[in-house]
Amino acid sequence: MRTKKEAQDAIRVMGTLFPEAECELNFRNPFELLIAVVLSAQCTDALVNRVTKHLFEKYRDPKAYIAVPLEELQHDIRSIGLFRNKAKNIQSLCYTLLEKHGGNVPQTREELEALAGVGRKTANVVLSVAFGIPAIAVDTHVERVTKRLGICRWKDTVRQVEDTLMKKLEKETWGDAHHRLIFFGRYHCKAQSPRCPNCPLLDRCREGQKRLKKQTTG
DNA sequence: AACTCGGGGCA
DNA sequence: TGCCCAGAGTT
């Protein structure tokens with residue numbers, strides 16, 4: 001396990017690799033963010049933005065999403081994977097918002113996770129980005145990168161990764177850290193073919209050194 | 001813990 | 001072409 005200082009410095013270095021890391025979801029209010037994050041499961045932000053560009057003009061509030069047949073909403077987001085389930089979830093979610101929250105996005109984790117298609121990661125994104133409530137969203141990239149670098153343990157659950165990052169990083173940097181970990185994981189420390197040879201963190205990455213050794217000997 | 005959903009991206 | 005994936009729900 002790395003110290004706070006080591007963890008913070010490692011994540012700082014990631015920022016030097018992708019200084020223009022600005023690929024975020026497009027949204028104008030908490031409701032649009034919620035929809036965008038639900039749509040983003042298992043696909044890229046760029047793909048989601050391509051769809052929401054038109055989607056958010058046609059559907060401006062929860063009432064709009066449930067005013068059309070399910071098939072129409074499915075058709076409107078069909079270029080995204082899992083679109084059948086996601087369309088169902090969005091209509092169900094909008095019903096819940098109207099019935100239990102006056103058409104607004106709730107601001108507690110319990111209420112958010114009770115919505116269809118909203119899990120812990122999505123809830124954390126909405127809490128932190130839309131409402132400024134401290135939370136760290138751990139996706140597969142964040143989990144993989146922090147474990148490879150030894151910031152977290154291999155056997156840690158998503159929940160434990162969350163707790164570790166909240167303890168080791170200053171609250172004001174959580175947002176930036178999240179983006180840096182995402183980009184570092186997506187484009188550099190990739191799941192199958194991580195670019196270890198020219199990685200600025202190689203000297204302090206046990207996993208990277210292990211992989212290089214295996215590559216040269218095998 | 002393991003499976004399913006699924007079109008896009010990428011080798 | 002075939003594999004993998006910026007999750008969540010179900011069993």
Side-chain angles (χ1 to χ4, degrees), chain A residues 11 14-15 17-18 20-27 32-55 70-97 105-106 109-130 135-148 152-162 165 174-197 215:
Chain A
I11 292 177
M14 292 176 197
L17 265 183
F18 303 99
E20 82 296 352
E22 276 194 27
C23 184
E24 296 181 42
L25 295 172
N26 292 328
F27 65 96
E32 287 190 351
L33 174 64
L34 176 61
I35 298 296
V37 181
V38 168
L39 287 175
S40 75
Q42 292 294 99
C43 72
T44 66
D45 282 6
L47 189 55
V48 172
N49 285 337
R50 194 189 305 169
V51 170
T52 55
K53 185 178 180 183
H54 306 293
L55 200 70
L70 174 61
E71 293 72 21
E72 184 172 340
L73 181 56
Q74 287 175 332
H75 184 271
D76 288 336
I77 65 171
R78 73 190 184 290
S79 62
I80 285 186
L82 311 178
F83 68 91
R84 294 182 182 87
N85 284 336
K86 287 176 181 177
K88 284 181 190 172
N89 286 338
I90 287 174
Q91 286 198 328
S92 171
L93 168 164
C94 287
Y95 271 113
T96 307
L97 291 186
V105 179
R109 170 173 290 112
E110 290 70 25
E111 290 171 314
L112 283 167
E113 288 190 13
L115 300 171
V118 179
R120 184 157 186 104
K121 184 236 170 182
T122 301
N124 279 353
V125 171
V126 173
L127 285 174
S128 59
V129 177
I136 293 184
V138 174
D139 56 29
T140 56
H141 290 317
V142 174
E143 186 174 356
R144 182 180 67 253
V145 169
T146 55
K147 287 183 177 181
R148 279 179 176 171
C152 301
R153 287 182 283 254
W154 280 107
K155 62 177 182 179
D156 280 352
T157 62
V158 171
R159 208 34 208 287
Q160 289 172 314
V161 172
E162 248 182 64
L165 290 179
W174 287 0
D176 288 338
H178 177 72
H179 283 117
R180 291 180 178 187
L181 286 164
I182 294 287
F183 271 77
F184 184 72
R186 176 73 180 88
Y187 298 110
H188 195 90
C189 193
K190 300 191 278 190
Q192 292 141 307
S193 52
R195 300 175 180 174
C196 300
Q215 204 171 29

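Computation of the quantities below employed the complete heavy-atom set of this structure, encompassing side-chain atoms and omitting hydrogens, waters and symmetry-equivalent molecules. Remember, predicted model here, so these are calculated numbers, not experimental data. Proteins come first, then strands; the chains are lettered A, B, ... in the order of their sequence lines, and each starts at number 1.
Judged purely by atom type and a 3.5 angstrom limit, A:Asn85 has no side-chain atom pairing as donor or acceptor with the backbone of A:Leu82. Here the side chain of A:His188 pairs a donor or acceptor atom with the backbone of A:Arg195 at under 3.5 angstrom. A donor-acceptor pair under 3.5 Å links the side-chain atoms of A:Lys86 to the main chain of A:Gly81, judged by distance alone. The closest donor-acceptor contact from the side chain of A:Asn26 to the backbone of A:Asn49 lies at 3.5 Å or more, if one exists at all. Looking only at distances, a side-chain donor or acceptor of A:Arg78 sits under 3.5 Å from a matching main-chain atom of A:His75. A:Arg144 places a side-chain N or O within 3.5 Å of a backbone atom of A:Cys189 that can act as its donor or acceptor partner.
The interatomic distance linking A:Asp45 (CG) with C:dC5 (P) rounds to 17 Å, in whole Å. Following rounding to the nearest Å, A:Lys86 (NZ) and B:dG6 (P) show an atom-to-atom distance of 9 Å. In this structure, A:Gln42 places its CD atom 13 Å from P of C:dG9, rounding to the nearest Å. Between the CD atom of A:Gln192 and the C1' atom of C:dG2 there is a distance of 12 Å, given to the nearest Å. What separates CD1 of A:Ile80 from P of C:dA6 is a distance of 15 Å, to the nearest Å. Taking atom CD1 on A:Ile90 and atom C1' on C:dG7, their separation rounds to 14 Å, with Å as the unit. Rounded to whole angstrom, the span from the CG atom of A:Leu82 across to the P atom of C:dT10 amounts to 14 Å. Distance A:Arg144 CZ to C:dC4 C1': 11 Å, rounded to the nearest Å.
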| field | Step-by-step side chain to side chain contact (heavy atoms under 4.5 Å, CB included) determination, A:Lys147 to A:Val161 | value | CA-CA 9 Å; A:Lys147 287 183 177 181; A:Val161 172; 4.0 Å; yes
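Here the nucleotide nearest the side chain of A:Ala191, chosen from C:dA6, C:dC5, B:dG8, is C:dC5. Of all nucleotides listed (C:dC4, B:dC5, C:dG7), B:dC5 comes nearest to the side chain of A:Asn85. Taking the side chain of A:Thr140 as heavy atoms from C-beta on, and the options C:dA6, C:dG7, B:dG6, the nearest nucleotide is C:dA6. Across C:dA6, C:dC4, B:dC5, the shortest atom-to-atom separation from the side chain of A:Tyr187 is found for C:dA6. The side chain of A:Phe83 approaches B:dG7 more closely than any other nucleotide in the set B:dG7, C:dA6, C:dA8.
A residue-by-residue look at A:Leu115 and A:Cys43 shows that A:Cys43 has its nearest nucleotide of DNA chain C further toward the 5' end.
Using a 4.0 Å heavy-atom cutoff across all strands shown, A:Gly81 reaches at least one base atom of the nucleic acid. At a threshold of 4.0 angstrom between heavy atoms, the contacts of A:Leu39 with the nucleic acid are absent. The residue A:Val38 sits apart from the nucleic acid: no heavy atom pair falls under 4.0 Å. As judged by a 4.0 angstrom heavy-atom cut-off over every strand, A:Ser193 is placed among residues making no nucleic acid contact.
At the phosphate of C:dG9, neither OP1 nor OP2 sits under 4.0 Å from any side-chain N or O atom of A:Asn89. Of the side-chain N and O atoms in A:Arg84, one or more sit less than 4.0 angstrom from OP1 or OP2 of B:dG7.
For B:dG7 and C:dT10, the C1' atoms lie 22 Å apart once the distance is rounded to whole Å. Nucleotides C:dT11 and B:dG6, compared at atom P, are 16 Å apart to the nearest Å. Rounded to whole Å, the C1' atom of B:dA1 lies 23 Å from the corresponding atom of C:dA6. Taking atom P on both B:dG8 and C:dG9, the two are 24 Å apart, rounded to the nearest angstrom.
Residues satisfying the side-chain hydrogen bond (donor to acceptor under 3.5 Å, both in side chains) criterion with A:Gln74, sequence neighbours excluded, are absent altogether.
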Any N/O pairs under 3.5 Å between the protein and nucleotides 9-11 of chain B? List them or say none.
residue, atom, partner, partner atom, Å
B:dG9, OP1, A:Arg50, NH2, 2.8

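Under the side-chain contact (heavy atoms from CB on, under 4.5 Å) rule, A:Ile77 has a single partner from A:Leu39, A:Thr52, A:Val48, which is A:Leu39.
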